[in-house]
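It should be emphasised that the depicted structure is a prediction, and the values quoted were computed from it without experimental measurement. Numbers restart at 1 for each chain; the letters A, B, ... are given by sequence-line order, proteins then strands.
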Amino acid sequence: MSEIVTRFAPSPTGRLHVGGARTAIFNWLLARQNGGRFILRIEDTDRQRSTDENTRGILASMSWLGLDWDGEPIYQSKRFDLYNAYIDKLLETGHAYYCTCTPEDVEAMREEARAKGLKPKYSGRCREKDLGPVPGAVVRLKAPISGTTVVDDMVKGPVSVENAEMDDMILRRADGTPTYNLAVVVDDSEMGVTHVIRGDDHLNNTPRQIIIYKALGLPVPRFGHVPMILGPDKKKLSKRHGATSVMEYEKDGFLPEAMVNYLVRLGWSSGDQEIFSKDELVKAFSTDNLGSSAAVFDKDKLLWLNAHYIKEAAPGRLAELTAPFLAGLGLEDVDAAYLAKAIPLLQPRANTLAEMAEKAFCFAVADEALAYDEKAVEKFLTPEARELLAALRADLAGLDGFTHDGLEKTIQEFLAAREIKFKILAQPIRVAITGGTASPGLYETMEVMGRDRVLARLDRALTL
RNA sequence: GUCCCCAUCGUCUAGCCUGGUCCAGGACAUCGGCCUUUCACGCCGGUAACAGGGGUUCAAAUCCCCUUGGGGACGCCA
């Protein structure tokens with residue numbers, strides 16, 4: 001069996017969109033699962049809208065997601081000679097012709113067709129004129145005018161379109177540059193691409209591309225068109241729905257493994273399984289169970305997956321990933337080891353790295369800078385509570401070691417001696433050392449903070 | 001307008017190809033309860049769907065047709 005070659009071909013006119021990321025993942029999965037190759041091709045033939053910054057951003061997002069590609073990325077902007085050679089070949093074999101109709105002429109033809117209730121298209125006026133390479137002329141494909149073209153789609157099944165529906169598309173513009181459909185066919189063929197998984201929105205021009213393959217006498221790859229991702233209003237996902245680029249999710253504190261897991265499950269499934277590691281995906285993936293209906297992007301489920309992966313991640317890694325978010329909150333150079341100790345307490349409580357940083361803030365902030373919630377102080381640091389805290393402070397200061405068990409024993413004895421319940425003491429302590437009413441368990445929090453911090457904060461709280 | 005695609009809980013989906021095991025299963029969200037030093041985690045339970053109409057068949061979520069609804073494409077953009 002021949003090698004499977006897939007590709008992802010973004011155009012650098014913006015950031016990597018979650019929809020694009022999803023098709024990239026599917027292609028990557030198909031290649032990796034079969035020991036094939038996964039190639040990255042940058043479709044930057046539109047020099048107006050393509051930027052290097054976008055290209056770098058897309059590559060960065062791919063890397064962030066863990067989608068490695070084989071070989072160097074291919075840039076279409078550097079292959080114009082190749083495309084033109086193919087166009088010339090088409091011209092020579094009579095599969096293409098020069099056309100001198102202006103954009104205005106063509107627009108008029110479209111209007112006319114529309115008026116008749118037909119599909120707007122080019123009339124084929126220059127098709128039989130046998131024009132030569134006139135300056136300013138475009139090259140059009142001499143497409144078949146009868147018959148049917150069938151796409152044997154991996155996800156939609158056979159899709160057939162009447163050739164009469166398609167017009168003679170432009171292959172080479174007046175300025176000599178090749179158009180998208182031509183370039184894609186040439187590249188996919190040159191690169192040996194065997195399987196193309198792409199968005200639903202391309203389904204319409206797949207028959208066009210097949211016609212070009214046939215005119216060129218080239219083998220046609222297998223196509224699979226996955227449905228698009230919709231916003232909550234069931235419209236194509238766009239900026240107005242909120243974050244749409246992979247980069248934004250990275251900035252919002254999502255983990256790449258959560259992103260990949262979520263995106264794959266959106267439109268693909270394997271029984272009832274929800275959680276998939278990369279390895280499991282590579283093993284389980286199959287184009288057979290790609291869904292064929294559009295899916296709404298559900299941020300709540302992404303959040304749930306993110307929370308899941310945060311719970312599973314190694315504290316050291318999380319500490320590293322959280323540091324930039326803490327810096328964003330104004331805390332630079334937080335001690336990594338200390339942060340790593342606090343993180344396990346926060347893992348079940350944070351849905352994103354941003355939340356992780358917010359919750360780690362009271363651990364990392366300097367004692368004198370700890371902010372106290374006014375209402376909490378008023379409610380829990382009552383005169384009676386202060387008396388207890390002052391007494392407890394003495395016990396804690398003399399405590400041998402400052403561990404969870406030691407702290408629990410000391411505090412329980414403290415309570416027993418006074419015949420009071422932990423409930424009475426817990427919130428005052430919490431407010432005193434964290435500044436607020438919600439935090440991880442007190443014993444573990446105190447152990448992580450350490451004696452100096454706890455005592456300093458207790459002292460500070462008593463002065464409030 | 002024309003063409004193409006799609007249609008199971010609010011959302012993602014399993015089941016559909018190879019009709020009966022489905023008064024439709026799982027997950028997120030939601031609601032209730034348990035756990036509990038707060039907040040979470042976790043655990044237990046509940047509400048909730050085969051778009052509608054015709055066929056075919058002993059039997060249809062599953063096959064066929066129509067309607068409706070949604071999406072996409074109709075560029076010298078990709």
Query raised in the report: Which is true for N205(A) with a 4.0 Å heavy-atom rule: it touches a base, it touches only sugar-phosphate, or it touches nothing?
Result: base
Report summary line: Separation of rA40(B) atom C1' from E444(A) atom CD, nearest Å, is 12 Å
Query raised in the report: Can you list the residues that meet the salt bridge (Lys or Arg N to Asp or Glu O under 4.0 Å) rule with R460(A), with sequence neighbours excluded?
Result: none
Requested in this report: Check salt bridge (Lys or Arg N to Asp or Glu O under 4.0 Å) between K156(A) and all other residues, then give those that pass, not counting sequence neighbours.
Outcome: D200(A)
**Report entry** Summary of ring-ring contact (aromatic ring centres under 6.0 Å, His included) pairs that have at least one residue in residues 132-180 of chain A, sequence neighbours excluded
**Finding:** Y180(A)-H202(A)
**Report entry** Nearest-Å distance for atom pair CD/P, residues Q209(A) and rA73(B)
**Finding:** 15 Å
Report task. Check every strand shown and say whether G291(A) touches a base, only sugar-phosphate, or nothing at a heavy-atom separation below 4.0 Å. Result -> nothing
Report task. Could you check which residues of residues 106-117 of chain A get a heavy atom under 4.0 Å from RNA chain B? Sort them by number, please. Result -> R110(A), G117(A)
Report summary line: Separation of rC16(B) atom P from D288(A) atom CG, nearest Å, is 13 Å
Report task. State which of rC12(B), rU37(B), rC41(B) makes the closest approach to the side chain of V296(A). Result -> rC12(B)
Query raised in the report: Between V155(A) and A9(A), which is nearer to the 5' end of RNA chain B once each is assigned its nearest nucleotide?
Result: V155(A)
Requested in this report: Please give the nucleotide sitting opposite rU2(B) as a Watson-Crick or G-U wobble pair, both distances under 3.5 Å, or none.
Outcome: rA73(B)
Query raised in the report: Please give, in whole Å, the distance from rC17(B) C1' to L290(A) CG?
Result: 16 Å
Query raised in the report: rG72(B) base to N204(A) side chain: any donor-acceptor pair below 3.5 Å?
Result: yes
Query raised in the report: Under 4.0 Å: is that the gap between some side-chain N or O of T179(A) and OP1 or OP2 of rC76(B)?
Result: no
Query raised in the report: Does the ring center of F254(A) lie less than 6.0 Å from the ring center of Y309(A)?
Result: no
Query raised in the report: What does F297(A) touch in the nucleic acid at a heavy-atom separation under 4.0 angstrom: a base, only the sugar-phosphate, or nothing?
Result: nothing
Query raised in the report: Quick one: is the NZ or CZ of K278(A) closer than 6.0 Å to the six-membered ring centre of W28(A), and within 45° of its axis?
Result: yes
Requested in this report: Under 4.0 Å between any heavy atoms, over every strand shown, what does P440(A) touch: base, sugar-phosphate, or nothing? Just pick one.
Outcome: base
Requested in this report: Measure distances between side-chain N and O atoms of R349(A) and base N and O atoms of rC39(B), and say whether any donor-acceptor pair falls under 3.5 Å.
Outcome: yes
**Report entry** Selection residues 97-115 of chain A - residue pairs positive for salt bridge (charged side-chain N to carboxylate O under 4.0 Å, His left out), sequence neighbours left out
**Finding:** D105(A)-R125(A), E107(A)-R110(A), E107(A)-R114(A), E111(A)-R114(A), E112(A)-K116(A)
Report summary line: So ring-ring contact (aromatic ring centres under 6.0 Å, His included) across residues 413-446 of chain A, not counting sequence neighbours, yields H404(A)-Y443(A), F422(A)-Y443(A)
Query raised in the report: Does the side chain of S269(A) get closer than 4.0 angstrom to OP1 or OP2 of rA14(B) through an N or O atom?
Result: yes
Requested in this report: Would you indicate what L266(A) reaches in the nucleic acid, counting non-hydrogen atoms under 4.0 angstrom: base, sugar-phosphate, or nothing?
Outcome: sugar-phosphate
Report summary line: note: W268(A), atom CH2; rA14(B), atom P; distance rounded to Å ~ 10 Å
Query raised in the report: Nearest to the side chain of P120(A) - rA78(B), rG1(B), rA40(B)?
Result: rG1(B)
Query raised in the report: According to the interplanar angle, ranging from 0 to 90°, do the rings of Y83(A) and F80(A) count as parallel (below 30°), tilted (30 to 60°) or perpendicular (above 60°)?
Result: tilted
Query raised in the report: When all nucleic acid strands are considered with a 4.0 Å heavy-atom cut-off, which category describes T13(A): base, sugar-phosphate, or nothing?
Result: nothing
**Report entry** Option among E358(A), M356(A), K359(A) that satisfies the side chain to side chain contact (heavy atoms under 4.5 Å, CB included) test with T322(A)
**Finding:** M356(A)
Query raised in the report: For the residue pair A319(A) and L339(A), what are the closest heavy atoms and their distance?
Result: O-CD2, 3.6 Å
Query raised in the report: Taking 4.0 angstrom as the limit, do D187(A) and R41(A) come out as a salt bridge?
Result: yes
Requested in this report: Determine the contact category for T437(A): base if any of its heavy atoms lies under 4.0 Å from a base atom, sugar-phosphate if only primed atoms, P, OP1 or OP2 are that close, otherwise nothing.
Outcome: base
Query raised in the report: Should rC58(B) form a Watson-Crick or G-U wobble pair with both distances under 3.5 Å, which nucleotide is its partner?
Result: rG20(B)
Requested in this report: Sequence neighbours left out, what passes salt bridge (Lys or Arg N to Asp or Glu O under 4.0 Å) with R172(A)? Give chain and number order.
Outcome: D88(A)
Query raised in the report: Can the positive tip of R140(A) be found less than 6.0 Å from the middle of the six-membered ring of Y98(A), inside 45° of the ring normal?
Result: no
Distances for protein N or O near nucleotides 27-33 of chain B N or O, under 3.5 Å:
unit_1  : atom_1 : unit_2  : atom_2 : d
rA27(B) : O4'    : E274(A) : OE2    : 3.3
rA27(B) : N3     : K301(A) : NZ     : 3.3
rC28(B) : OP1    : W304(A) : NE1    : 3.4
rC28(B) : O2'    : K301(A) : N      : 3.4

Query raised in the report: Looking for any heavy atom pair under 4.0 Å, which part of the strands does C99(A) touch: base, sugar-phosphate only, or nothing?
Result: nothing
Query raised in the report: What pairs with D201(A) under salt bridge (Lys or Arg N to Asp or Glu O under 4.0 Å), at least two apart in sequence or on another chain?
Result: none
Report task. Strictly below 4.0 Å, heavy-atom distances to any atom of RNA chain B: list the hits from residues 161-174 of chain A, or just say none. Result -> E165(A), I170(A), R173(A), A174(A)
Query - Nearest-Å distance once atom C1' is located in both rG15(B) and rG25(B) - result: 8 Å
Query - Spacing between R430(A) atom CZ and rU36(B) atom C1', to the nearest angstrom - result: 11 Å
Query raised in the report: Roughly how many Å is it from CG in L237(A) to C1' in rG70(B), rounded to a whole number?
Result: 16 Å
Query - Residue pairs passing the salt bridge (charged side-chain N to carboxylate O under 4.0 Å, His left out) test where at least one lies in residues 258-269 of chain A, sequence neighbours excluded - result: R265(A)-E274(A)
Query raised in the report: Taking a pair as Watson-Crick or G-U wobble with both distances under 3.5 Å, which nucleotide is matched to rC43(B)?
Result: rG33(B)
Query raised in the report: Of K236(A) and L118(A), whose nearest nucleotide on RNA chain B comes first from the 5' end?
Result: L118(A)
Query - Value rounded to 0.5 Å, distance of CD1 in I39(A) from CZ in R7(A) - result: 10.0 Å
Query raised in the report: How long is the line joining CG of N261(A) and C1' of rU13(B), in whole Å?
Result: 14 Å
Query raised in the report: So which of residues 225-234 of chain A are in contact with RNA chain B, with a heavy-atom cut-off of under 4.0 Å?
Result: M228(A), K234(A)
Query - Nearest-Å distance once atom C1' is located in both rC6(B) and rC16(B) - result: 15 Å
Query - Watson-Crick or G-U wobble mate for rA14(B), both contacts under 3.5 Å - result: none
Query raised in the report: Salt-bridged, E312(A) to R317(A), with N to O below 4.0 Å?
Result: no
